[in-house]
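One structure below.
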Amino acid sequence: MLLSLCLILLGASAAKGQTCTDIPGKLQQLDAGAGEVYGVTTSGSIYKWQRNVWVQVPGEMAHVSVGPAGVWATNKRSLVYKLQDNDWMRVSGLLKQIDAGGNKYLAGVNTEEVVYCLNRYDTISGSPYTHFTTIPGRLVYYSCGHLGCWGVNNASDIYFRYNVKPTACEGSQWWRVEGSLTMLEVGTDGSVFGLSPDGKVYKREGITYKKPTGTSWVNLNFLLQVKHVTYDAGALWLLSLEGDILKCEIPGTGLSDLV
């Protein structure tokens, strides 16, 4: 497999370099979670990364997410689907971006930037009839993990949502986090990675159980512009502006490190 040195980390406590693997194919969007990776192409074809190859999944979607809540997707009309018994089940609701990374609850935003979530009861019920909860505020991207949910608005402001629970996914309050990002993804273990308006990749440092918002953003200094990022099980997946796929090992960000 072709390896390329694509990342140089700077700073006294950082590694000298990071090796990334070039993954075959091109994607518009992808998501990693719960040990699985799914992606969609510009034409809407869906693929799953399985035994080091992309395996096509029937259907046509615009955005896909995988995590503890299962595999969920939305199409170009913002219709919501869940992969149920190896088939896409239409679920009530309209979302343009969806995230299954929470503790068996679902989150996302619609075309009007309204934020929604779905409690665990609905995600595991197997029923197409669900009740989405509206969350105050406006966001263009919303992602959840073990320690809570993060989002960005259309001004690239960053927010953290406190007290999000599987049975109360709406949480209790927003906390403004310093920085400017256009999108971000939260790993199942609570790790957070995001993209700046100019396509630079940042990692949130200092995340712990006691301080789920972390302490600072660190620029990972990739030698390319990135349009999408996702993280799971020690692997950071990146999409270049052209849709090329990179998988980079980023150790030390698992739940075992959160104390």
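Since the structure is predicted, the reported quantities are computational estimates derived from the model, not experimental observations.
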Query raised in the report: Under a 4.0 Å N-O cut-off, is there an ion pair linking R204 with E185?
Result: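 No, R204 and E185 are not salt-bridged.
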[X] side chain vs [Y] backbone, donor-acceptor pair below 3.5 Å:
X: W88; Y: P58; answer: yes
X: W49; Y: A32; answer: no
X: K82; Y: T123; answer: yes
X: Q29; Y: V64; answer: yes
X: S78; Y: L94; answer: no
X: Y159; Y: G137; answer: no
X: S65; Y: W72; answer: no
X: E249; Y: G234; answer: no

Answer whether the closest heavy-atom distance between the side chains of [X] and [Y] falls below 4.5 Å.
X: L184; Y: L195; answer: no
X: I98; Y: L106; answer: yes
X: D232; Y: T188; answer: yes
X: Y162; Y: T213; answer: yes
X: E60; Y: N75; answer: no
X: W217; Y: E178; answer: yes
X: V71; Y: E36; answer: yes
X: M183; Y: V229; answer: yes

Query - Residue among V192, L181, N153 satisfying side chain to side chain contact (heavy atoms under 4.5 Å, CB included) with I158 - result: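 Answer after filtering V192, L181, N153: L181.
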Query - side chain to side chain contact (heavy atoms under 4.5 Å, CB included) partner of M89, the single match among D85, D87, V91 - result: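 One option only clears the test, and that one is V91.
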Query raised in the report: Hey, mind stepping through K165 and R120 against side chain to side chain contact (heavy atoms under 4.5 Å, CB included) and telling me if it holds?
Result: CA-CA 9 Å; K165 302 176 182 179; R120 181 173 57 189; over 6 Å; no
As an exercise, state the distance from [atom1] of [X] to [atom2] of [Y], rounded to the nearest 0.5 Å.
X: L118; Y: T133; atom1: CG; atom2: OG1; result: 7.5 Å
X: D244; Y: I23; atom1: CG; atom2: CD1; result: 11.5 Å
X: D99; Y: D31; atom1: CG; atom2: CG; result: 6.0 Å
X: Y141; Y: K96; atom1: OH; atom2: NZ; result: 10.5 Å
X: N119; Y: Y105; atom1: CG; atom2: OH; result: 10.0 Å
X: M61; Y: K76; atom1: CE; atom2: NZ; result: 12.0 Å

Query raised in the report: For R176, does the CZ atom have more than 12 heavy-atom neighbours from other residues, nucleotides or ligands under 6.0 Å away?
Result: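 Yes.
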Query raised in the report: Is the count of non-hydrogen atoms from other residues, nucleotides or ligands lying under 6.0 Å from N86 atom CG greater than 12?
Result: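 No.
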Query raised in the report: Do L220 and V152 sit in the same hydrophobic cluster, where Ile, Leu, Val, Met, Phe, Trp and Tyr count as joined when their side-chain heavy atoms come under 4.5 Å apart?
Result: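 Yes.
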Requested in this report: Using the six-membered ring of W175, assess whether NZ or CZ of R161 lies under 6.0 Å from its centre and within 45 degrees of the ring axis.
Outcome: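 Judged by the rule, R161 and W175 form no cation-pi pair.
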Query raised in the report: G108 and Y142: which non-hydrogen atoms are nearest, and at how many Å?
Result: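 The answer is N-CD2, 4.1 Å.
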Query raised in the report: Do I135 and E170 pass the side chain to side chain contact (heavy atoms under 4.5 Å, CB included) test, and can you show the C-alpha distance, the side-chain angles, and the key distance before you say yes or no?
Result: CA-CA 6 Å; I135 301 173; E170 66 274 16; 4.2 Å; yes
Query raised in the report: For T130 and S92, does a side-chain donor sit closer than 3.5 Å to a side-chain acceptor?
Result: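 Judged by distance alone, the side chains do pair up.
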Query raised in the report: Would L30 and H228 count as a side chain to side chain contact (heavy atoms under 4.5 Å, CB included) if you check the C-alpha gap in whole Å, the side-chain angles of each, and the deciding distance to 0.1 Å?
Result: CA-CA 8 Å; L30 82 166; H228 196 87; 3.9 Å; yes
